[in-house]
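All remarks here apply to the structure that follows.
Here the structure is a predicted model, which means the values were calculated and not measured. So you know, we letter chains A, B, ... as the sequences are listed, proteins then strands, and number each from 1. The analysis underlying the following values was restricted to heavy atoms, covering all of them including side chains, and did not include hydrogens, waters or symmetry mates.
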2 protein chains.
Amino acid sequence: MSDVSNKNMKMTPQRIAIMKYLDGNTAHPSAADIYVALQEQFPTMSLATVYNTMETLKQQRVVVELSIDPGKKRFDPNTQPHHHLICIKCKTVLDIFVDFPLPLSDRETGGFQILGNRVDFYGICKTCGDTPREMIQTNR
Amino acid sequence: MSDVSNKNMKMTPQRIAIMKYLDGNTAHPSAADIYVALQEQFPTMSLATVYNTMETLKQQRVVVELSIDPGKKRFDPNTQPHHHLICIKCKTVLDIFVDFPLPLSDRETGGFQILGNRVDFYGICKTCGDTPREMIQTNR
DNA sequence: TACTTGACAAGAACGTTTCTTAGATAATAT
DNA sequence: ATATTATCTAAGAAACGTTCTTGTCAAGTA
């Protein structure tokens, strides 16, 4: 993903900035996160542009959209299949690159054509587990 | 769940109706789904009441909130651990009751205290696979 | 009876996402 | 070089889904 170029989409300064911001980013940012992060660099860029760009990047399979957070889309620049550890307190999402065998028989799928899977583990992250409740700052 | 009574919460006609509607319901309805389904029976009930009730039922562990649908919460009256088959076309969600071993080493979790997991399979359901594109009606 | 508590409807408010419009920019063809 | 076309952008409006606030009512308690 570190190559910021693509023949299938027009590369504009805004898109390049968004892709650079996402490159190597493991925080699974939302559209609003991306928007505020690039505010300084592009004070005139609107949220709609972020959404449009993310939609384009999604279609180009440069990012994956996550529905981990209720009421908020978050994006993952890592398009390799991997799973997530989600902290139910601070909503931090960590990547895990373990491949689990998930066999399903035809009887279980019942004509359903399976294209992919997603495994989410939820629990308490190290920070939230170690830190007294009143000191935890939820990111989102 | 078929027992519509609970000592920890006041049972009102609205709540009883919502619980009855959810009982055995495998469609994973959203708040709006529940609201419109009960419109005829309770024309004066507001959407806020549905949300309040679902929050209460969630805390009583009568339902589980799903973040399967981006931008929409859906609820599952089946609180037994199970996984989901999600059709990416019509958003139908089917339950599967298979238990997969999902071992994670301490190195992989890195201090993360795991409380549960969720496995979502996504693909094309039988109906959407069999039916020509222009005839498919997306439920949501 | 008075007091307290919880639930309700109604609508306002909020956050997220999509849509619409008009103007700017780049690619292609003339 | 100029015209044409398509694409991208900002800006704001609009549409959702969800939460919050307010006033009202009913049930339970002292």
*asked:* Rounding to an integer number of Å, can you tell me how far B/M9 CE sits from C/dA7 P?
replied: 7 Å

*Please report, rounded to the nearest Å, how far the P atom of D/dA27 is from the CZ atom of B/R15.*
14 Å

*Does a side chain donor of either A/S30 or A/D33 reach within less than 3.5 Å of an acceptor in the other side chain?*
yes

*Classify the angle between the aromatic ring planes of B/H82 and B/H28 as parallel (below 30°), tilted (30 to 60°) or perpendicular (above 60°).*
tilted

*B/E55: partners by salt bridge (charged side-chain N to carboxylate O under 4.0 Å, His left out), with sequence neighbours left out*: B/K58

*Whole angstrom is fine here: how far is it from CE in A/M54 over to C1' in D/dT9?*
17 Å

*Rounded to the Å, how far apart are B/K10 NZ and D/dG28 P?*
7 Å

*For C/dC8, does OP1 or OP2 lie under 4.0 Å from any side-chain N or O of B/Q14?*
yes

*Between atom CE in A/M45 and atom C1' in C/dG23, what is the gap in whole Å?*
19 Å

*asked:* Is the phosphate of C/dA7 approached by B/T12 (side-chain N or O, under 4.0 Å from OP1 or OP2)?
replied: no

*How far does NZ of A/K73 sit from OH of A/Y51, to the nearest 0.5 angstrom?*
7.5 Å

*Look at all strands and tell whether A/S46 reaches a base, only sugar-phosphate, or nothing, counting heavy atoms closer than 4.0 Å.*
base

_Length of the CG-C1' vector between B/L57 and C/dG6, whole Å_ = 15 Å

_Tell me if a side-chain donor or acceptor on A/T56 pairs with a main-chain N or O of A/N52 at a distance below 3.5 Å._
yes

*If you look only at pairs with a residue in residues 100-113 of chain A, which of them pass as a side-chain hydrogen bond (donor to acceptor under 3.5 Å, both in side chains), with sequence neighbours excluded?*
A/S105-A/E108

*Can you tell me the distance, in whole Å, between the CE atom of B/M11 and the P atom of D/dG28?*
14 Å

_Could you check whether A/D76 pairs with A/R74 (Lys NZ or Arg NE/NH1/NH2 to Asp/Glu carboxylate O, under 4.0 Å)?_
no

*Report, as a single string ordered 5' to 3', how protein heavy atoms within less than 4.0 Å touch nucleotides 15-24 of chain D: B base, S sugar-phosphate only, - not at all.*
--SBBB----

*Atom pair distance, as rounded to whole Å: CD in B/Q60 and C1' in C/dA7*: 14 Å

